[in-house]
Number of protein chains: 2
Amino acid sequence: MFKLSKKTEYALMALQHIASLDKGQVATAKEIAENKLIPHSLLAKILQQLTRHQLILSLQGAHGGYALGRKAEEITLAQMIEAIEGPIHIIECNESRYSCQRDDFCTLKNSLNPLQKQLTSYLHSVTLADVAAS
Amino acid sequence: MFKLSKKTEYALMALQHIASLDKGQVATAKEIAENKLIPHSLLAKILQQLTRHQLILSLQGAHGGYALGRKAEEITLAQMIEAIEGPIHIIECNESRYSCQRDDFCTLKNSLNPLQKQLTSYLHSVTLADVAAS
DNA sequence: ACAAAATAAGACTAAATTAGTCCGATATAA
DNA sequence: TTATATCGGACTAATTTAGTCTTATTTTGT
Ligand code: FES
Ligand code: FES
């Protein structure tokens, strides 16, 4: 399917939420989960993943929570999606580690390259600031 | 995942193949399957779906097979993909029949609208002629 | 010291989707 | 009437996605 996964949707919602915080504030997983109607323990996992990719930073312990890892203008849509779904490849055969039996005679890869390029360049051009604005 | 399904890849390969035929010629499912290394009975299903969507037309019986339903320039990438995967919606909540509990306070739908628009307009602008050329 | 409130990490289960198979029916040419 | 096709649908298997649970660790406040 040509669709974002629920996890990715949740990640984007959470990032929107965190981006809307005042400087110095943090949001807990619980807060975000309640606010956006996301299962808490699933969201927790997603926030951990975003932390590992340094899109957000976490403060552990009581009164802990999450805040943006850098300015919203410096977080691209591509980074947000790839943090959850991994590298974006319109077709599997473009993934590096994938060896395809059709490799020598396949024309599909090349045919779809423009789409791949178009899409990724767009995703790199949109930032969290843009996404949070709407 | 933000990826075309195998079925869709197979459909595109088959359409490339059919598009390369001389006027008046047809290709059988078997031929295409062997040529592109696609499981025969799966490809048969896919070709039936493309037929129902009138991207190709089928000739039944002995010496039957498939040919393009209209000129390659008049078959868009959007039509090819949607024939197999159904309408393209970047997020589930944009699908008409889907009623979301977050509908009244959700900002995500709007935020991703530009991406949805950008993508679909591109997919409508590319035709089988373009795809087959590479 | 200790309790409460968080995140971290990983194993696990359940649900949904995708990929692929199989079979009986129908159509058509030779 | 036989061989070669498509048609349609039910079915199974494999993979991916979605979601849960449990235990450990970090930090603050009392
Ligand atoms: S399908 Fe694998 S290389 Fe094109
Ligand atoms: S998530 Fe359903 S309306 Fe946005």
Side-chain angles (χ1 to χ4, degrees), chain A residues 1-11 13-14 18 25-34 36-67 69 81 83-86 89 91-93 95 98 100-101, chain B residues 1-14 18 25-34 36-67 69 81 83-86 89 91-92 95 98 100-101:
Chain A
M1 278 277 203
F2 221 69
K3 193 190 302 189
L4 297 175
S5 68
K6 281 230 168 62
K7 274 192 192 175
T8 304
E9 293 186 18
Y10 296 159
M13 289 179 203
I18 296 170
Q25 276 195 309
V26 300
T28 67
K30 199 175 159 217
E31 275 167 33
I32 301 173
E34 282 167 2
K36 306 285 187 184
L37 297 182
I38 302 171
H40 172 269
S41 45
L42 179 53
L43 178 62
K45 276 301 157 55
I46 293 167
L47 290 169
Q48 284 172 34
Q49 230 171 322
L50 294 176
T51 304
R52 265 184 244 121
H53 282 79
Q54 307 183 322
L55 302 190
I56 57 182
L57 49 83
S58 73
L59 297 179
Q60 293 191 27
H63 302 317
Y66 298 92
I81 295 174
I84 305 300
E85 313 208 341
H89 292 292
I91 62 170
E92 209 164 31
C93 290
E95 290 167 34
Y98 197 88
C100 178
Q101 30 165 201
Chain B
M1 277 281 205
F2 220 69
K3 193 190 302 187
L4 296 175
S5 68
K6 281 230 167 64
K7 274 193 192 174
T8 304
E9 292 185 19
Y10 295 159
L12 296 177
M13 290 179 203
I18 296 170
Q25 275 195 310
V26 298
T28 67
K30 198 175 159 219
E31 275 168 31
I32 302 173
E34 281 166 3
K36 306 285 187 183
L37 297 182
I38 301 172
H40 172 269
S41 45
L42 180 53
L43 179 62
K45 275 306 157 57
I46 293 167
L47 291 169
Q48 284 173 34
Q49 232 171 322
L50 294 177
T51 305
R52 267 183 243 123
H53 282 80
Q54 307 182 324
L55 301 190
I56 57 182
L57 48 84
S58 73
L59 297 178
Q60 294 192 26
H63 302 318
Y66 298 92
I81 295 175
I84 305 299
E85 312 208 341
H89 292 291
I91 61 170
E92 209 164 33
E95 290 167 35
Y98 196 87
C100 178
Q101 30 165 201

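These values consider heavy atoms only, across backbone and side chains, with no hydrogens, waters or symmetry-generated copies. Every chain is numbered from 1 and lettered A, B, ... according to where its sequence line falls, protein lines coming before strand lines.
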Separation of [X] atom [atom1] from [N] atom [atom2], in whole Å?
{"X": "Ile81(A)", "N": "dT17(D)", "atom1": "CD1", "atom2": "P", "answer": "14 Å"}
{"X": "Lys45(B)", "N": "dG9(D)", "atom1": "NZ", "atom2": "C1'", "answer": "6 Å"}
{"X": "Leu47(B)", "N": "dA5(D)", "atom1": "CG", "atom2": "P", "answer": "13 Å"}
{"X": "Glu9(A)", "N": "dG19(D)", "atom1": "CD", "atom2": "P", "answer": "10 Å"}
{"X": "Ile46(A)", "N": "dA18(D)", "atom1": "CD1", "atom2": "P", "answer": "9 Å"}
{"X": "Lys7(B)", "N": "dT15(D)", "atom1": "NZ", "atom2": "P", "answer": "16 Å"}
{"X": "Leu42(B)", "N": "dA13(D)", "atom1": "CG", "atom2": "P", "answer": "17 Å"}
{"X": "Lys3(A)", "N": "dT17(D)", "atom1": "NZ", "atom2": "P", "answer": "12 Å"}

Taking the side chain as C-beta and beyond, is there a heavy-atom pair between [X] and [Y] under 4.5 Å?
{"X": "Ile38(A)", "Y": "Tyr10(A)", "result": "yes"}
{"X": "Ile81(A)", "Y": "Phe2(B)", "result": "no"}
{"X": "Ile18(B)", "Y": "Tyr66(B)", "result": "yes"}

Gln60(A), nearest nucleotide to its side chain (from dG29(D), dT25(D), dA5(D)): dT25(D)

First and last nucleotide of DNA chain C, 5' to 3', lying under 4.0 Å from heavy atoms of chain A: dA5(C) to dT18(C)

Sugar-phosphate, base or nothing in reach of Lys30(A), heavy atoms under 4.0 Å: nothing

Of Leu59(A) and Leu4(A), the one whose closest DNA chain D nucleotide lies more 5': Leu4(A)

Less than 3.5 Å apart, which donor and acceptor atoms pair up between the side chains of residues 50-58 of chain B and the rest of the protein, not counting sequence neighbours?
residue: Thr51(B); atom: OG1; partner: Leu47(B); partner atom: O; Å: 2.7
residue: His53(B); atom: ND1; partner: Gln49(B); partner atom: O; Å: 3.1

Degree of bending, the helix from dA1(C)-dT30(D) to dA30(C)-dT1(D) (end axes from five pairs; round to 10°): 10°

dC7(D) OP1/OP2 closer than 4.0 Å to side-chain N/O of Tyr66(B): yes

Any donor-acceptor pair under 3.5 Å from Glu85(A) side chain to Ser5(A) backbone: yes

